[in-house]
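What follows is a single structure, written as C-alpha cells, with notes after it.
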Amino acid sequence: MQLILGGKLEKVEPIANHGEESVSTSLTYATWRKQEGWKPLKIVDAEGVNFVDSSGKKYLDLSSQLMCSNLGHKNMNIIRAIKNQAEKIAYIAPGFNTEVREELSSSLKTILPSNLNKYFFATSGTEANEAAVKIIRMYKRKEGKTKIISAYNSYHGSTGSSIQVTGDFRRIEIDDVQHSPGFLHIPQPYCYRCPFGLKYPTCNVACADYVEYVIRNEGHVGGIILEPVTGTNGVIVPPKEYLPRVSEIARDNDVVFVADEVMTGFGRTGDWFAVNHWKVKPDIITTAKGISGAYMPLSLTATDRRISEYFDENYFAHGHTYEAHPMTLAAGVAAIEEYKRLDIMKKVTGMAPHFASRLEEIKERHNSVGDVRHIGLFGAVELVKDREKKTPFNSYEEKVAGKPLMTDLVAKKAMQDGVYISTWVTNLMIAPPLIISQEDLDRGFDALDAALSIADKEVR
Ligand SMILES: Cc1ncc(COP(=O)(O)O)c(C=O)c1O
C-alpha cells in the first residue's frame with residue numbers, strides 16, 4: 001500500500017503488519033481486512049506493560065492490545081489460579097455447579113450495580129451482547145416489544161444480533177447479506193461532530209431527548225443498548241446529562257436499558273463500571289475483556305431482578321457448551337482479586353489528570369489532531385487533515401478497500417520507536433494497561449508526540 005506524503009510515495013502497512021509470511025498467514029484468517037498482504041509480527045514474549053517480537057525487539061503497549069490486557073502480562077496470581085483450576089476441573093458441563101462459579105458470582109455481586117442479581121457467563125463480548133438482545137426479546141415477547149435501539153458509530157460484536165446493533169461500518173459492510181428487521185439506530189452524543197449541528201450545553205442534550213422521540217414514533221421498542229463511553233469509534237464521553245436522561249426515558253417507556261461495558265468495565269474509566277460515573281443503574285450490563293484481564297476468554301451478561309424473576313417462570317432459551325467454563329471463571333475470580341489488591345480504581349483516578357493533560361498537550365502541539373477525548377486511562381486522538389473543517393484523513397470506505405490510513409502511518413512510526421498504539425480508521429486508541437507507571441506512560445506519550453509530526457506535515 002502506498003500513500004503520497006509531501007509529494008513522496010511512502011509504503012504503509014497496518015501496525016502489526018511488519019512481520020513475515022508464515023504458515024499462519026497462509027492457513028488462518030486475518031480479521032477485519034483483506035487477506036492479501038497480511039504479514040503479522042510474531043510475538044514471542046510479554047511481561048507487564050511490554051511485549052517482545054521474534055527479533056527480540058521490545059514494545060511498550062499503549063493500548064492494552066485490544067483494550068483488554070488491563071492487568072498487563074504475566075500476572076502470576078492469575079496464571080496460578082488458571083493452572084490450579086486446570087488441575088482441579090478444566091471443564092464440566094454448565095448444568096453442574098462448581099466452586100469457582102460460586103466464587104465468581106459472589107465476587108461480582110460486590111462490584112456490580114446492586115440491582116443486577118443474575119449472571120450469564122460466556123466467552124466474548126459478542127456473546128454477552130447476543131445474550132442481552134435475546135433476553136430482552138424473550139422478556140418482552142408477550143408485549144410484542146422486540147425492536148432494539150442502538151447508536152450509530154458503535155460496536156457491539158461481530159455476529160447475528162450483536163452486529164445488527166453495531167452502528168459503525170462493520171455492520172454496514174454486511175448489511176446486504178445479514179440485515180434483519182427490528183434494529184434501529186440513533187445519533188450519538190458526539191459533540192465534536194454533533195449530528196444535529198448543535199453545541200453543548202445550549203443543545204440541552206437534544207440527542208438524549210431524540211431517544212424518546214424514536215421510542216414513541218417507532219413503537220414496539222423493547223430495549224436500548226449503548227456503550228456508556230463509545231470505545232473503538234473514538235472514546236466518545238457523553239455530556240453528564242446524557243446517560244441519566246436516556247436511562248430515565250427508558251424507564252418511563254418501559255424499555256430495557258443495556259450498558260455495553262465490554263471495553264469500559266473493570267477500571268478502564270477509573271471505576272468498576274463507567275455507568276457509575278453518572279450514577280446510572282442499567283437493567284442489563286454486558287462486559288468481557290477486562291473481566292479476566294484477557295487471561296481467559298470470559299464475558300458476562302448481568303440482568304436485574306425483574307428480568308431474572310421473569311425467567312423463574314419462563315424458559316431461558318439460551319446457552320453454550322463453554323458457558324461458565326471453569327478455567328475462564330477462575331481467571332475472572334483472580335483478576336477481580338488483583339484489581340482490588342493493586343487498588344486499580346484508585347491508581348487510575350490518581351493518574352487520570354496526568355493522562356488527560358498529556359492528551360490535551362498533544363492536541364495543542366499538533367495541527368493534525370482534531371480532537372482528543374478521555375476518561376480515566378481511556379483516550380482517543382482523532383486525526384484530521386483540516387482542523388477548521390474537521391476533515392478526516394480517511395474514510396471507512398478506504399479502510400474496507402485496504403487503502404493506507406494516516407493512523408496506521410503514525411502508529412507505524414510509534415512502533416519503530418518501540419510503542420504499540422491500536423488504531424481504528426481516524427482514531428488512535430490510548431488505553432494502556434492500568435498497572436502502567438507514570439514513567440512508562442510518559443515514554444508512550446513522547447513516542448506518540450514524535451510520530452504525529454508525520455500527520456502534521458500532511459495538514460492543509
Ligand atoms: C463495546 C464493545 N462491545 C462488544 C465488543 C465485542 O467483544 P468481543 O470482541 O470480545 O466479541 C467489543 C469489542 O471490541 C466492544 O468494544
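Index from 1, following the sequence. Ligands are counted one by one from 1 in listed order, and the atoms in each one are counted from 1 as well.
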Distance filter under 4.0 Å to [X] heavy atoms, resulting ligand 1 atoms:
X: Ser124; value: 10 (O), 11 (O)
X: Met263; value: 14 (O), 16 (O)
X: Asn129; value: 3 (N), 4 (C)
X: Glu227; value: 1 (C)

Counting only N and O atoms by type, is there a donor-acceptor contact under 3.5 Å from the side chain of Glu398 to the main-chain atoms of Leu405?
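Flag not set: sc Glu398 to bb Leu405 has no pair under 3.5 Å.
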Hey, are [Y] and [X] close enough side-chain-wise for a donor-acceptor pair under 3.5 Å?
X: Asn117; Y: Asp304; value: no
X: Glu261; Y: Thr264; value: yes
X: Arg170; Y: Thr232; value: yes
X: Thr123; Y: Glu127; value: yes

Starting from [atom], locate the nearest protein heavy atom and write down its residue, its atom name and how far away it is, to 0.1 Å.
atom: atom 3 (N) of ligand 1; answer: Asp260 OD2, 2.7 Å
atom: atom 2 (C) of ligand 1; answer: Tyr155 O, 3.3 Å
atom: atom 14 (O) of ligand 1; answer: Lys289 NZ, 3.0 Å
atom: atom 15 (C) of ligand 1; answer: Val262 CG1, 3.8 Å

Note to self: Taking distance alone, with N or O pairs closer than 3.5 Å, would you say Gly125 contacts ligand 1?
What the structure shows: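 There is such a contact, yes.
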Could you tabulate the donor-acceptor pairs under 3.5 Å formed by side-chain atoms of residues 339-348, not counting sequence neighbours?
from	atom 1	to	atom 2	distance (Å)
Tyr339	OH	Asn70	ND2	3.4
Tyr339	OH	Gly290	O	2.7
Lys340	NZ	Thr110	OG1	3.3
Arg341	NE	Glu338	OE2	2.9
Arg341	NH2	Glu338	OE1	2.8
Lys347	NZ	Ile436	O	2.7

With sequence neighbours left out, the residues meeting salt bridge (charged side-chain N to carboxylate O under 4.0 Å, His left out) with Asp371 are Lys363, Arg373
Among Val229, Thr159, Thr232, Thr126, closest by heavy atom to atom 11 (O) of ligand 1 is Thr126
